[in-house]
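Written out below as structure tokens is the structure these notes cover.
So you know, we letter chains A, B, ... as the sequences are listed, proteins then strands, and number each from 1. Since we're looking at a predicted model, the values are computed, not measured.
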2 protein chains.
Amino acid sequence: MDRGSEEYRLRRERNNMAVKKSRLKSKQKAQDTLQRVNQLKEENERLEAKIKLLTKELSVLKDLFLEHAHNLAESVPQETSAAGQEKST
Amino acid sequence: MDRGSEEYRLRRERNNMAVKKSRLKSKQKAQDTLQRVNQLKEENERLEAKIKLLTKELSVLKDLFLEHAHNLAESVPQETSAAGQEKST
DNA sequence: ACACATTGCGCAATAG
DNA sequence: TCTATTGCGCAATGTG
């Protein structure tokens, strides 16, 4: 190839542009990937928090059930009387 | 700089090695980031599934509570009964 | 054969 | 002074 030809220089020039463009695109994509990681991390934290909350709610309800069952088995001669009244400790 | 000197060639050689090494490292890091994205996506899905499960459990328990309360209101016209008994619809 | 896109590679500048 | 990192251009190769 003739490095002095007009044609050659033109090709080189255009390729150099293409290279720059391509590499910019590549870097952009890498940046996007990093941002994606951060987004996902944040979402993850939100989900973990939600799970924690739901778990706690569930735990409370289950305890209520247990207590109720306990009351039924232990005393409850009638209706709903024993709402935790005889607690000592 | 003398492009023919032993020193020059040696420097170039070493720098070329360093460049290769650095670029490999860079690519490796990019790969790791992509994997990280996939890991996070998977974890996200697990968390979403767990939330779905917990939500369902919670819903079931709440329904049981409501049913229970309903039963009390229906058949136990004693002290605690005054919790909105006059409602027709 | 043509045009742009992508990639490996080396050079040089410069950061550390 | 040495390696590490980065922008850049060249050439080969990929893609359409």
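Distances shorter than 4.0 Å separate none of the side-chain N or O atoms of A:Tyr8 from OP1 or OP2 on D:dG9.
Residues B:His68 and A:His68 have side chains in contact (heavy-atom distance under 4.5 Å, counting atoms from C-beta outward).
Closest to the side chain of A:Ala18, from the set C:dG8, C:dA5, C:dA13, is C:dA5. For A:Lys25, the side-chain atoms get nearest to C:dT6 when compared with the rest of D:dA4, C:dT6, D:dC10. For B:Arg14, whose side chain is taken as the heavy atoms from C-beta onward, the closest listed nucleotide among D:dT3, D:dA11, C:dG10 is D:dT3.
The distance between atom NZ of B:Lys20 and atom P of D:dT6, rounded to the nearest whole Å, is 19 Å. Residue B:Asn15 contributes atom CG, which lies 10 Å from atom C1' of C:dA13 at whole-angstrom precision. D:dT1 atom P lies 14 Å from atom CG of B:Leu10, rounded to whole Å. When rounded to the nearest whole Å, the span between CE of A:Met17 and P of D:dC8 equals 12 Å. Atom C1' of nucleotide C:dT6 and atom CG of A:Asn16 are separated by 14 Å, given to the nearest angstrom. As rounded to whole Å, 8 Å separates atom P of C:dC9 from atom NZ of B:Lys27. For the pair A:Lys21 NZ and C:dA3 P, the computed distance is 15 Å after rounding to whole Å. The nearest whole Å value for the distance from the CG atom in B:Leu24 to the C1' atom in C:dT7 is 13 Å.
In the interface, the side chain of B:Arg3 is not paired with the base of C:dG10 through any donor and acceptor atom under 3.5 Å apart. A donor and an acceptor atom never sit less than 3.5 Å apart when one is taken from the side chain of B:Arg11 and the other from the base of C:dG10.
The backbone N or O of A:Thr55 sits nowhere less than 3.5 Å from a side-chain atom of A:Ser59 that would complete a donor-acceptor pair. Judged by distance alone, the side chain of B:Ser22 and the main-chain N or O of B:Ala18 form no donor-acceptor pair under 3.5 Å.
When heavy atoms are screened at a 4.0 angstrom cut-off, A:Arg23 is found touching base atoms of the nucleic acid. Residue-level contact check: B:Arg12 touches the bases, meaning some heavy atom is under 4.0 Å from a base atom.
Residues B:Ser26 and B:Glu7 each lie close to DNA chain D; by heavy-atom proximity, the contact nearer the 5' end of the strand is made by B:Glu7. Nearer to the 5' terminus of DNA chain D, by closest-nucleotide assignment, is the contact made by B:Ser22 (compared with the other of B:Ser22 and A:Arg9).
Summarising the geometry of B:Leu61 relative to A:Phe65, their closest heavy-atom pair is CD2-CE1, 3.2 Å, with the distance given to 0.1 Å. When all heavy atoms of B:Lys62 and A:Glu57 are compared, the closest pair comes out as NZ-OE1, 3.5 Å.
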